[in-house]
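Order of listing sets the numbers, starting from 1, for every ligand and every atom in it.
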Amino acid sequence: MCTAATYRTKDFYFGRTLDYEFSYGEEITVTPRNYPFSFRYLPEKRKHYAIIGMAHVEEDYPLYYDAVNEKGLGMAGLNFVGNAVYGEVREGKENVAVFELIPYILSQCENAEEARELLGKIQITDTRFKEQLPNGRLHWIIADEKEAITVESGTEGLKIYENAPGVLTNNPPFPMQMFQLNNYMQLSSRQPENLFSDQLSLETYSRGMGALGLPGDLSSASRFVRVAFTKLHARSGEGEADSVGQFFHILGSVEQTRGCCELENGKYEITIYTSCCNATKGIYYYTTYTNRQITAVDMHREKLDGTELIRYPMLEEEQIRLQNA
Ligand SMILES: C[C@H](CCC(=O)NCCS(=O)(=O)O)[C@H]1CC[C@H]2[C@@H]3[C@H](O)C[C@@H]4C[C@H](O)CC[C@]4(C)[C@H]3C[C@H](O)[C@]12C
């Protein structure tokens, strides 16, 4: 499972949890403006926007999971197994292999509107990066400071949806996720009133009772409701530490603890990492399952006119500050 969210204070923040049972060896990766981006069916891009995000680098190619570009546009791929269908190469379309989609969009689009336009010309193909690396079955959230969209490629082709809450999880398809929010419209951050019956004297015996019924389990449908509720009610200061801290709290509402989601192979799904990118400033913050301290990589501290990928392996070791040392 995975969850993605957007958040706006003074700056625009974009991030996700990556929930899985194993890691592909991902690293925070900066693609500078002059790295030659190759595409299977389209001309190489020798000059493009710089990108920072989490990627598995294979043969010097950044296979991004989630990233933002220097214009403040963010994009993340989340599992959409059983629903994602990619097409064959089609003439008259811009054919983009599924693993190229994040680079293709973020290298040239300044905002979600431009991404929407470009997506109208795209055919996503199931072409593999290499034979031994099967493609994920994904859908995507693309967002800038003004709006978010969801992109799903299914049996009926490519669909783009307005994503008003600015959140995404996994199955079912996005329109169904949005529809089920109707079931929860009575939930509130305020205390409830007794509408049950005026013949009974019912009491609010605890704080937080306005959200009674908010689903607490780890299914993607439940995480969708929970993260939407949390994000839409979240309040924080405008500063960087306040905003970043608050963002990690939002995604903390859907975090997976080892042991709670058992898979057939006896393994457990966990939140491998959580990211929060200040998309306005190009700073990628992250925590990992084992390292709860927030670590950051700032793209503007790198030579963004370079030609080579810049890679930072995640710091996985728990960092504990002994206060009375
Ligand atoms: C498995 C990851 C998604 C996690 C997720 O959504 N889990 C939910 C499980 S479930 O639905 O609820 O069951 C996805 C997200 C990004 C994916 C990776 C990125 O797309 C980058 C490359 C792309 C290559 O084509 C395949 C390997 C890969 C390295 C992908 C492996 C895997 O599919 C990743 C890591």
Using a plain distance cutoff, I'd like to know if [X] has any nitrogen or oxygen under 3.5 Å from a nitrogen or oxygen of ligand 1.
| X | value |
| --- | --- |
| D19 | yes |
| N135 | yes |
| N170 | yes |
| R223 | no |

Please test D126 against N135 for side chain to side chain donor-acceptor pair (under 3.5 Å), starting from the C-alpha separation and ending with a verdict.
CA-CA 7 Å; D126 204 4; N135 286 321; 3.1 Å; yes
Could you name the option among C2, G82, S219, C261 that has the heavy atom nearest to atom 4 (C) of ligand 1?
C2
Judged by heavy atoms only, the candidate from A4, A55, P134 nearest atom 26 (C) of ligand 1 is P134
Heavy atoms, side chains only, cut-off 4.5 Å: are I28 and M54 in contact?
yes
Could you check whether any heavy atom of [X] sits closer than 4.0 Å to an atom of ligand 1, since that is the contact criterion I want to use?
| X | value |
| --- | --- |
| F129 | no |
| S220 | no |
| L138 | yes |

Test of understanding: given a 4.0 Å heavy-atom threshold, classify the contact between E269 and ligand 1 as side chain, backbone, both, or neither.
side chain
Only residue of N170, T274, T271 satisfying side-chain hydrogen bond (donor to acceptor under 3.5 Å, both in side chains) with D19 is T271
Would you please indicate yes or no on a ring centroid separation below 6.0 angstrom for F37 and H48?
yes
For Y41 together with F39, are the ring centres under 6.0 Å from each other?
no
Would E147 and R116 pass as an ion pair if we require N to O under 4.0 Å?
yes
Between the side chains of E26 and R16, is the shortest nitrogen-to-carboxylate-oxygen separation below 4.0 Å, so that they form an ion pair?
no
Residue G77 vicinity, atoms of ligand 1 by number, heavy atom under 4.0 Å:
15 (C)
Which ligand 1 atoms are under 4.0 Å away from a heavy-atom of L63?
21 (C), 22 (C)
For a side chain to side chain donor-acceptor pair (under 3.5 Å) check, start with the C-alpha distance between N278 and E240, then their side-chain angles and the critical distance, and finish with the verdict.
CA-CA 9 Å; N278 179 330; E240 187 70 348; 3.0 Å; yes
